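See below for the structure under consideration.
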Amino acid sequence: MLDNVLFDYINAEDFISENAVCNMKEAALSARDTLLSGSGEGNDFLGWVDLPVDYDKEEFMRIKSAADRIKHNSDVFIVIGIGGSYLGARAAIEYLRHSFYNNVSKQIRKTPEIYYVGHNISSAYITHLIEVIGDRDFSVNVISKSGTTTESAIAFRIFKGLLETRYGKDGAAERIFATTDRERGALKMLADELGYETFVVPDNIGGRFSVLTAVGLLPIAVSGADIAKLMEGAAAMRKSCINKEYEDNSALLYAAIRNIMYNDGKSVEVLANYEPSLHYISEWWKQLYGESEGKEHKGLFPASVDFTTDLHSMGQFIQDGARIMFETVIDIEEDELPLVMSEEKGNVDGLNFLTGMTLANINKEAMRGTRLAHMDGGVPNLIIKVKNKSEYSLGALFYFFEFACGVSGYMLGVNPFNQPGVEDYKKNMFALLGKPGYEEAREELLARLR
């Protein structure tokens, strides 16, 4: 079967020589070998590599069963998590399902409304979400390996209290699903004590690589998406990443060219899309690459734009600003909902020349015209072609980005699987909030803030 996700750099030939691509071959193959052999830094977190062909089938069936129960007894489903604990699921749901998923009638949606919390500490956001739920039936999926991640733990305490008030402790326990550590941690202990059904955050998979574990699969399944097809697409891409030669290997070429750009002085990669449903794919991608490569004062800064919307804002900088970036465009090749422009008498808006064209075709030409303009402006342009908006293609896209990220990080010379810098803000926040054990640090920080 042909790959549903393909990487193409033909439109960057004015910026990247074939010699440069060939010269990266040895480094890319070496990085792939390091990744697959588990001989590099961060090798304790490589469980995602074989996950699409070696996942827990019993848990997978429990996920599908739990999703069916939630769909049957809940009008609203609340996903509590931050970063990798919710971004992958949100990206998948917004990509695969209706553009106005929570707004259309349940007759069209056929599944619960899905909302996300625990990714901020905003009292307004949480209060408004409680108002959205109202007196409707709801369930909660709390996702945290430790159970003590501040943002998510705050949200869980609030929504656990709401469930217990409405349904009693036993009734609430039937509506709380905990995705957490297999054996230990505050959330696992609470789940065992109160009888929540639990799913596993694997020890050997970091949060930003966890979308194809229970972390992502339960919310995705609740939305009505086919998680089996998602895994099939990922498995197919895994096979390509592992077995294809460098010259035909999309993931290796993407990793190699990112490093060529970086070595050539580019400091920003802009991921561009022309479909609103790709917005949260970009957000997920930004965490994946930013947290994996931004270390030791190295790495490309991952930015994103939604076109054509951002052509009327960020488009000016991309076209004429500092030449610090290159652009990677995600192109969905097949249009699932053709909408045709009609002729209008009088042609007041001057658009009759578009009569008979589909919006998909117009959007494609906008993309092609923009890419040419940006190339003329000195911005190298890469493209990732995704066959269609299906679970299979999305599984392939998730795995493509993950594998390329691991290879690219090793080529860059960093450990792609740790995140030491993320801990710094937490220490400061705990100290300023007066957490026991941080008293001395609190006084120092307060003095610096005066």
Side-chain angles (χ1 to χ4, degrees), residues 4-5 67 70-71 74 76-106 108-120 125 128-129 132 141 143 207-208 210-227 229-231 233-234 271-289 302-310 328-337 359-360 363 384 386-402:
N4 278 37
V5 175
I70 293 165
K71 286 185 277 189
S74 298
V76 178
F77 183 54
I78 303 297
V79 180
I80 300 176
I82 193 168
S85 295
Y86 92 103
L87 271 175
R90 186 167 192 174
I93 292 166
E94 300 217 2
Y95 179 78
L96 294 170
R97 301 307 314 275
H98 198 286
S99 296
F100 301 94
Y101 178 88
N102 284 333
N103 302 103
V104 295
S105 70
K106 196 166 185 179
I108 295 175
R109 191 178 61 246
K110 304 185 187 326
T111 48
E113 295 171 21
I114 300 177
Y115 298 97
Y116 309 88
V117 71
H119 55 289
N120 59 52
Y125 183 95
H128 293 163
L129 179 53
V132 166
N141 178 205
I143 306 166
R208 59 189 177 275
S210 68
V211 62
L212 298 176
T213 71
V215 169
L217 292 180
L218 178 57
I220 295 169
V222 171
S223 79
D226 188 338
I227 58 174
K229 288 293 183 184
L230 192 74
M231 300 302 284
L271 190 70
N273 71 75
Y274 287 76
E275 283 291 339
S277 61
L278 283 164
H279 175 82
Y280 272 94
I281 297 289
S282 298
E283 294 300 308
W284 172 84
W285 170 86
K286 284 194 289 190
Q287 185 196 5
L288 180 66
Y289 280 84
S304 64
V305 286
D306 299 329
F307 290 155
T308 59
T309 304
D310 290 336
T328 302
V329 177
I330 302 180
D331 176 27
I332 302 172
E333 295 190 287
E334 296 178 6
D335 180 41
E336 57 181 343
L337 298 170
L359 262 63
N363 203 24
I384 296 167
V386 182
K387 184 176 180 182
N388 51 33
K389 286 178 64 176
S390 67
E391 290 91 337
Y392 188 95
S393 290
L394 180 59
L397 183 64
F398 277 142
Y399 196 88
F400 162 82
F401 276 134
E402 290 178 347

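In this text the structure is predicted, and so the values were computed from the model without any measurement. By convention here, the first residue in the shown sequence is residue 1.
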One should read off an interatomic distance between His98 NE2 and Ser105 OG, to the nearest 0.5 angstrom, of 9.0 Å
Practice task
Would you indicate whether the side-chain heavy atoms of Glu275 and Asn363 approach each other to under 4.5 Å?
Solution key: yes
For Gly88 and Phe398, the nearest pair of non-hydrogen atoms, with its separation, is O-CZ, 3.8 Å
Rounded to the nearest 0.5 Å, the CD1 atom of Ile80 sits from the CD1 atom of Ile82 at a distance of 12.5 Å
Value for CD1 (Ile330) from OH (Tyr95), rounded to nearest 0.5 Å, stands at 8.5 Å
Between Leu217 and Leu212, the two heavy atoms sitting closest are CD1-O, 3.3 Å
One should read off an interatomic distance between Met231 CE and Tyr399 OH, to the nearest 0.5 angstrom, of 10.5 Å
In terms of heavy-atom contacts, Lys106 and Pro112 come closest through CE-N, 4.4 Å
Query raised in the report: Passes side-chain contact (heavy atoms from CB on, under 4.5 Å), Val211 versus Glu402? Steps please.
Result: CA-CA 10 Å; Val211 62; Glu402 290 178 347; 3.8 Å; yes
Requested in this report: Dump the intermediate steps for side-chain contact (heavy atoms from CB on, under 4.5 Å) on Leu230 and Leu394, then the final yes or no.
Outcome: CA-CA 7 Å; Leu230 192 74; Leu394 180 59; 4.0 Å; yes
Original post:
Under 4.5 Å between any side-chain heavy atoms of Asn141 and Ile78, yes or no?
Top reply: no
Just checking Tyr125 against His119, ring centres under 6.0 Å apart? yes
- prompt: Within a radius of less than 6.0 Å around NZ of Lys387, do more than 12 heavy atoms belonging to other residues, nucleotides or ligands occur?
  reply: no
OG (Ser304) and CD1 (Ile281) are apart, to the nearest 0.5 Å, by 11.5 Å
key: Asn4/Val386 under side-chain contact (heavy atoms from CB on, under 4.5 Å): CA gap, chis, key distance, verdict   = CA-CA 6 Å; Asn4 278 37; Val386 182; 6.0 Å; no
Close aromatic pair by centroid cut-off 6.0 Å: Tyr280 and Trp284: no
Taking every heavy atom of Leu271 against every heavy atom of Ser282, the minimum-distance pair comes out as CD2-OG, 3.8 Å
Quiz prompt | Check against side-chain contact (heavy atoms from CB on, under 4.5 Å), Val79 and Phe77 | solution = CA-CA 7 Å; Val79 180; Phe77 183 54; 3.7 Å; yes
Nearest heavy-atom contact between Leu96 and Ala225 is CD1-CB, 3.8 Å
For Asn388 and Ser390, the nearest pair of non-hydrogen atoms, with its separation, is OD1-OG, 2.6 Å
What I'd like to find out is whether the side chain of Pro219 reaches to under 4.5 Å of the side chain of Ile93, using heavy atoms alone. yes
Here the gap from Asn273 atom CG to His279 atom NE2, rounded to the nearest 0.5 Å, amounts to 8.5 Å
*Does NZ in Lys389 sit with more than 12 non-hydrogen atoms of other residues, nucleotides or ligands closer than 6.0 Å?*
yes
Residues 79-94 vs salt bridge (charged side-chain N to carboxylate O under 4.0 Å, His left out), sequence neighbours excluded, gives Arg90-Glu94
Sorted by chain and residue number, the ring-ring contact (aromatic ring centres under 6.0 Å, His included) partners of Tyr274 (sequence neighbours excluded) come out as Phe307
- Aromatic rings Tyr86 and Tyr116: how do their planes relate, parallel, tilted or perpendicular, breaks at 30° and 60°? tilted
